[in-house]
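One structure below.
Letters A, B, ... mirror the listed sequences (proteins, then strands); counts begin at 1. Quick note: numbers below take in every heavy atom, side chains included, and nothing from hydrogens, waters or symmetry partners. Quantities reported herein were computed from a predicted structural model and do not represent experimental measurements.
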Number of protein chains: 2
Amino acid sequence: MPADPTTVTRRRDAQRNRQRLLDVADQAFRKHGVQASLDEVARRAGVGIGTLYRHFPTREALIEALVAADLERVAALADGLAGDTLAGIDGWLAELADHSVTYRGLAEALVTATATSSALGDACTRLHDAGRELVRRAQRHGVVRDDADPSDAVDLASSIAWLTERDADTERRQRLLRAAVDGLRTTGTDELHARDQS
Amino acid sequence: MPADPTTVTRRRDAQRNRQRLLDVADQAFRKHGVQASLDEVARRAGVGIGTLYRHFPTREALIEALVAADLERVAALADGLAGDTLAGIDGWLAELADHSVTYRGLAEALVTATATSSALGDACTRLHDAGRELVRRAQRHGVVRDDADPSDAVDLASSIAWLTERDADTERRQRLLRAAVDGLRTTGTDELHARDQS
DNA sequence: ACCTGAACACCGTTCAAGT
DNA sequence: ACCTGAACACCGTTCAAGT
């Protein structure tokens with residue numbers, strides 16, 4: 001799945017080590033967040049720490065390998081939405097926020113990677129682009145107000161995911177998302193915008 | 001300014017060391033965020049690392065000493081607001097967010113400390129209480145909708161502060177806050193709430 | 001081509017010795 | 001009463017040696 005075919009791991013043992021590291025890292029990240037000890041990940045995977053670094057030169061590379069497919073899946077979900085209902089936007093942002101909460105610290109890693117030239121950065125850009133396009137379609141449908149910035153939706157979802165990543169249940173996350181999306185929708189009465197001039 | 005008078009530092013040199021550590025830590029936190037090296041803080045303050053730990057047993061205690069007065073100031077601002085306009089809520093949350101951005105990592109430190117029994121935790125509780133009361137007054141004025149959770153306002157401000165703490169200008173922060181607050185206000189037309197049942 | 005783990009670097013924290 | 005800094009612990013990262 002690497003972008004560059006020349007970097008593909010060929011040897012069977014290397015492939016197995018790589019997969020083991022991913023499996024163990026996933027468990028460790030779920031348990032301790034993305035700041036889990038890489039030393040312990042290597043140890044539990046039964047490989048030397050050098051092998052971990054050979055496969056994943058940075059912690060970010062390891063995170064990317066674990067979440068890239070899921071990020072692409074969420075981005076593709078946005079592509080498939082017409083943007084004709086606010087509930088659609090809301091549902092998609094909830095999906096995004098739920099994913100960003102897979103590991104503690106993931107939301108931060110995604111925000112940090114955004115706009116960098118790494119593989120994870122590219123995945124984030126893909127996601128943000130899909131989110132912006134969705135908002136633009138919603139604006140054309142008159143569902144989201146025209147003066148909203150297309151980036152706001154994903155930004156708010158990222159923020160809320162970060163705040164609520166420690167929460168056991170998803171109640172608060174959903175309520176906050178609902179409020180945030182509500183703030184982007186087209187208002188029914190124009191006088192409510194009067195305070196824009198204040 | 002410590003709560004317990006028995007813990008007051010008496011000796012002149014100790015008082016001066018304490019103040020120096022605070023001054024240097026403030027500079028270091030502004031430059032490198034709250035994760036700045038404490039070793040370097042002690043070194044620049046001209047004291048041993050043990051002295052730093054004697055005055056501030058944890059990093060959180062150091063942060064608390066630096067921001068407690070400002071947190072109290074922001075909380076008191078909320079106490080003084082009637083909650084009769086959405087612009088008042090918006091302005092207060094902007095003040096809160098701007099403060100939370102004093103140091104990189106401060107927003108996270110505040111969220112982490114909230115609901116713990118530390119001095120910083122108490123300061124956060126005081127802030128949250130003030131924020132919740134402000135929202136409740138706004139609800140009584142019909143400015144904020146009744147089904148909003150009083151905690152949502154401060155939560156959203158904290159989230160947005162975290163997301164935008166790396167931003168040079170405050171434009172994005174203000175726009176996101178505006179959208180978030182908009183989602184809490186009483187809507188003009190009831191049919192806009194129809195999707196609540198979806 | 002890949003793996004190993006010792007070695008290095010860095011940082012936070014404690015505590016025995018000192019003034 | 002307070003300060004000092006060596007000592008300890010822990011972790012991330014590199015790289016020479018090995019298969």
Side-chain angles (χ1 to χ4, degrees), chain A residues 2 4-25 28-29 31-66 103-105 108-109 112-113 118 120, chain B residues 2 4-25 28-29 31-66 103-105 108-109 112-113 118 120:
Chain A
D4 182 359
T6 66
T7 66
V8 170
T9 293
R10 288 163 219 278
R11 259 167 51 174
R12 279 251 176 87
D13 58 340
Q15 283 179 26
R16 214 189 50 184
N17 281 339
R18 192 188 134 89
Q19 194 53 51
R20 270 193 172 162
L21 284 165
L22 286 173
D23 289 346
V24 173
F29 286 0
K31 200 165 185 178
H32 304 109
V34 296
Q35 290 304 329
S37 164
L38 296 185
D39 242 305
E40 200 175 311
V41 168
R43 203 173 49 72
R44 288 178 111 95
V47 302
I49 181 66
T51 300
L52 186 153
Y53 277 92
R54 163 166 260 265
H55 284 285
F56 308 103
T58 63
R59 189 182 290 271
E60 198 194 274
L62 184 51
I63 297 172
E64 193 269 341
L66 285 169
Y103 312 132
R104 251 173 310 130
E108 172 157 35
T112 303
S118 62
L120 188 58
Chain B
D4 182 2
T6 65
T7 66
V8 170
T9 294
R10 286 160 220 280
R11 260 168 50 174
R12 279 252 177 85
D13 57 340
Q15 283 179 28
R16 215 190 46 183
N17 281 341
R18 193 188 134 88
Q19 194 53 53
R20 272 192 169 162
L21 284 166
L22 287 173
D23 290 345
V24 173
F29 286 0
K31 201 166 183 178
H32 304 111
V34 296
Q35 289 305 328
S37 163
L38 296 184
D39 241 304
E40 199 176 311
V41 168
R43 204 173 48 73
R44 287 178 110 94
V47 303
I49 182 66
T51 302
L52 186 152
Y53 277 92
R54 165 166 259 265
H55 285 284
F56 308 102
T58 62
R59 190 182 289 272
E60 196 193 277
L62 184 51
I63 297 173
E64 192 270 339
L66 285 168
Y103 312 130
R104 250 173 311 131
E108 172 156 34
T112 303
S118 63
L120 188 58

Where does DNA chain C pair, written as one dot-bracket string 5' to 3', with Watson-Crick or G-U pairs under 3.5 Å, ( ) inside the strand, [ ] for crossing pairs and | for another strand?
-> ||.|||||...|||||.||
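Using a 4.5 Å heavy-atom cutoff, the side chains of B:Asp39 and B:Leu52 are not in contact. A 4.5 Å side-chain heavy-atom check between B:Leu22 and B:Phe56 finds at least one atom pair inside the cut-off.
Candidate nucleotides D:dC3, C:dT14, D:dT13 were compared by shortest atom distance to the side chain of B:Ile49, and C:dT14 ranks first. Which of D:dG12, D:dT4, C:dT4 sits closest to the side chain of A:Thr51 comes down to C:dT4.
Taking atom CZ on B:Phe56 and atom P on D:dC2, their separation rounds to 13 Å, with Å as the unit. The distance between atom OH of A:Tyr53 and atom P of C:dA7, rounded to the nearest whole Å, is 18 Å. Going from atom CD of A:Glu40 over to atom P of D:dG12 covers 10 Å, rounded to whole Å. Remark: P of D:dG12 and CG of A:Leu62 are 12 Å apart, rounded to the nearest angstrom. If you take CZ of A:Arg43 and P of D:dC11, they are 10 Å apart, rounded to a whole angstrom. Protein atom CD of A:Gln15 is 9 Å distant from nucleotide atom P of C:dC2, rounded to whole Å. Computed from coordinates, the B:Leu38 CG to D:dG5 C1' distance equals 16 Å when rounded to whole Å. What separates CD of A:Glu60 from P of D:dT13 is a distance of 12 Å, to the nearest Å.
In this view, A:Arg16 satisfies the salt bridge (Lys or Arg N to Asp or Glu O under 4.0 Å) rule with no residue, not counting sequence neighbours.
Nearest-nucleotide mapping onto DNA chain C: of A:Gly50 and A:Arg54, the residue sitting toward the 5' end is A:Arg54. Residue-to-nucleotide proximity on DNA chain D shows that, of B:Gly46 and A:Arg59, the 5′-proximal contact is made by B:Gly46.
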Would you check, one step at a time, whether the test side chain to side chain contact (heavy atoms under 4.5 Å, CB included) holds for B:Arg104 with B:Gln35?
-> CA-CA 8 Å; B:Arg104 250 173 311 131; B:Gln35 289 305 328; over 6 Å; no
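Within the 4.0 angstrom heavy-atom criterion, only backbone atoms of the sugar-phosphate kind lie near B:Ser37; the bases stay farther away.
When the side-chain nitrogen and oxygen atoms of B:Asn17 are compared with OP1 and OP2 of D:dC2, none of them lie within a distance under 4.0 Å. Neither OP1 nor OP2 of D:dC2 sits under 4.0 Å from any side-chain N or O of B:His55.
A donor-acceptor pair under 3.5 Å links the side-chain atoms of B:Arg59 to the main chain of B:Ala36, judged by distance alone.
Between the side chains of A:Glu60 and A:Ser118, a donor-acceptor pair is found at a separation under 3.5 Å.
The two residues B:Ala14 and B:His55 have their closest heavy-atom pair at O-CE1, 3.4 Å.
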